[in-house]
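Each remark here refers to the structure printed beneath this line.
Counting from 1, the numbers follow the sequence of the chain as shown.
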Amino acid sequence: MVGLKPPEVPPTAAVKFVSAGTAACIADLCTFPLDTAKVRLQIQGEVRIPRSTSTVEYRGVLGTLSTMVRTEGPRSLYSGLAAGLQRQMSFASIRIGLYDSVKQLYTPKGAERTLPNIARNAIVNCGELVTYDLIKDALLRAQLMTDNVPCHFVAAFGAGFCATMVASPVDVVKTRYMNAGPGQYRNVLSCLIALLMQDGLAGFYKGFVPSFLRLGSWNVVMFISYEQLQRAAVLAWPAQS
């Protein structure tokens, strides 16, 4: 058996809250350079105002990372990390740590299938949480895997892929709009149209590989850490659970 066993007593909301924030920070520390590379690739090729003649060209994930280290130094890979960790401790603690508590509000006691109710939780949580929950539940119900690290890895990997497919178009437009120069776009819609005219539908999935590498690995590290931190906390402070 890999990792800590599932606790007999479920962890409290406080344990989930702290475990989620800590796990998200661990995931950010491991995957932050991939997120930086993703942003650089997503905004590459857009027409800037004013125009720049010294634009660095990035090629692929590894090429982007190596170019950044060579031209800007290794510290550039973790530029903005402090703000990212602060965001995870506040935002991830709520959206991930309180997910189970919110789910239970919509799940009748003794119900064998919570599929429609889980789907409703997508309104208050991002798609990766619901996808992770569904994949993990399916694996356990089919008795293909036990509730441990390998199961968490598969579920997190699947959640990362689904989340990247759904979020990539929005992420590309958001990144382009936020990094645009003054007067380049009137609004988000004009940014979307400009991207569509310039790169076609494929433009909405620009930087998909680094996005998936980042989001997929982030989900794997975060969910495995989250599950193990919860179990470690229950073992360390059983009276609190």
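The 12-atom threshold is not exceeded at CZ of F161, counting heavy atoms of other residues, nucleotides or ligands nearer than 6.0 Å. Summarising the local packing, CZ of F153 is surrounded by 12 or fewer heavy atoms from other residues, nucleotides or ligands at distances under 6.0 Å. The local environment of CG in L62 is sparse, with at most 12 non-hydrogen atoms from other residues, nucleotides or ligands closer than 6.0 Å.
In this structure a side-chain-to-backbone donor-acceptor pair under 3.5 Å is present from S168 to F204. No donor-acceptor pair under 3.5 Å is formed between the side chain of T22 and the backbone N or O of S19. Under the 3.5 Å distance criterion, the side-chain polar atoms of D199 are left unmatched by any main-chain donor or acceptor of A202.
A159 and I135 make their closest contact through N-CD1, 4.0 Å (heavy atoms, listed as atom of the first residue, atom of the second, distance). For the residue pair A233 and V15, the shortest heavy atom distance occurs at CB-CG1, 3.6 Å. In this structure, L215 and A163 approach most closely via the heavy-atom pair CD2-CB, 3.6 Å. T31 and S217 get closest at one heavy-atom pair: CG2-OG, 3.2 Å.
One hydrophobic cluster holds both V149 and V220 under the rule that ILVMFWY side chains link at heavy-atom gaps under 4.5 Å. L77 and V221 sit in two unconnected hydrophobic clusters of ILVMFWY residues. Membership requires side-chain heavy atoms under 4.5 Å apart, directly or through other members. Note: the hydrophobic cluster containing V172 also contains Y185 (ILVMFWY, side chain heavy atoms under 4.5 Å, direct or indirect links). Under a hydrophobic-cluster definition in which Ile, Leu, Val, Met, Phe, Trp and Tyr are linked whenever side-chain heavy atoms come within less than 4.5 Å, directly or via other members, V173 and Y205 are assigned to the same cluster. Cluster annotation: V170 is not connected to L129 through the hydrophobic network of ILVMFWY side chains, with a link wherever side-chain heavy atoms come within less than 4.5 Å.
In this structure, L34 and P210 have side chains that are not in contact, with every pair of non-hydrogen atoms separated by 4.5 Å or more. Looking only at side-chain heavy atoms (C-beta outward), M222 and I26 stay at 4.5 Å or farther from each other. Residues K136 and E227 meet the side-chain proximity criterion, which asks for heavy atoms closer than 4.5 Å. The closest side-chain heavy-atom distance from K206 to L41 is not below 4.5 Å.
The CE atom of M197 sits 13.0 Å away from atom OG of S190, with the distance rounded to the nearest 0.5 Å. Separating the CD atom in Q230 from the OG atom in S225 is a distance of 11.5 Å, to the nearest 0.5 Å. For the atom pair CG (L196) and CD (Q198), the distance works out to 10.5 Å, reported to the nearest 0.5 Å. Of the inter-residue distances, the one linking R186 atom CZ with C191 atom SG reads 11.5 Å to the nearest 0.5 angstrom. The structure places OG1 of T131 at 12.0 Å from CE of M165, a figure rounded to the nearest 0.5 Å. To the nearest 0.5 angstrom, E128 atom CD is 12.5 Å from D133 atom CG.
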Requested in this report: Step by step, work out the side chain to side chain contact (heavy atoms under 4.5 Å, CB included) result for T36 and S76.
Outcome: CA-CA 9 Å; T36 304; S76 64; over 6 Å; no

Query raised in the report: Does the side chain to side chain contact (heavy atoms under 4.5 Å, CB included) test come out yes or no for L213 and K38, once each step is laid out?
Result: CA-CA 9 Å; L213 289 177; K38 177 207 71 172; over 6 Å; no

Requested in this report: List the steps, then state whether side chain to side chain contact (heavy atoms under 4.5 Å, CB included) holds for Q184 with Y177.
Outcome: CA-CA 9 Å; Q184 185 169 353; Y177 185 70; over 6 Å; no

Report task. Apply salt bridge (Lys or Arg N to Asp or Glu O under 4.0 Å) to the pair R87 and D28, showing each step before the final yes or no. Result -> CA-CA 10 Å; R87 174 179 179 272; D28 250 24; over 6 Å; no

Report task. Walk me through it: do L85 and M89 pass the test side chain to side chain contact (heavy atoms under 4.5 Å, CB included)? Result -> CA-CA 6 Å; L85 295 181; M89 281 304 298; 5.8 Å; no

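Taking the six-membered ring for Trp and the full ring otherwise, the centers of F212 and F157 sit less than 6.0 Å from each other.
Salt bridge R40/D35: absent, no basic N to carboxylate O contact under 4.0 Å.
Ring-plane geometry between Y78 and F32 is classed as parallel, the angle between the planes falling under 30 degrees on a 0 to 90 degree scale with a further cut at 60.
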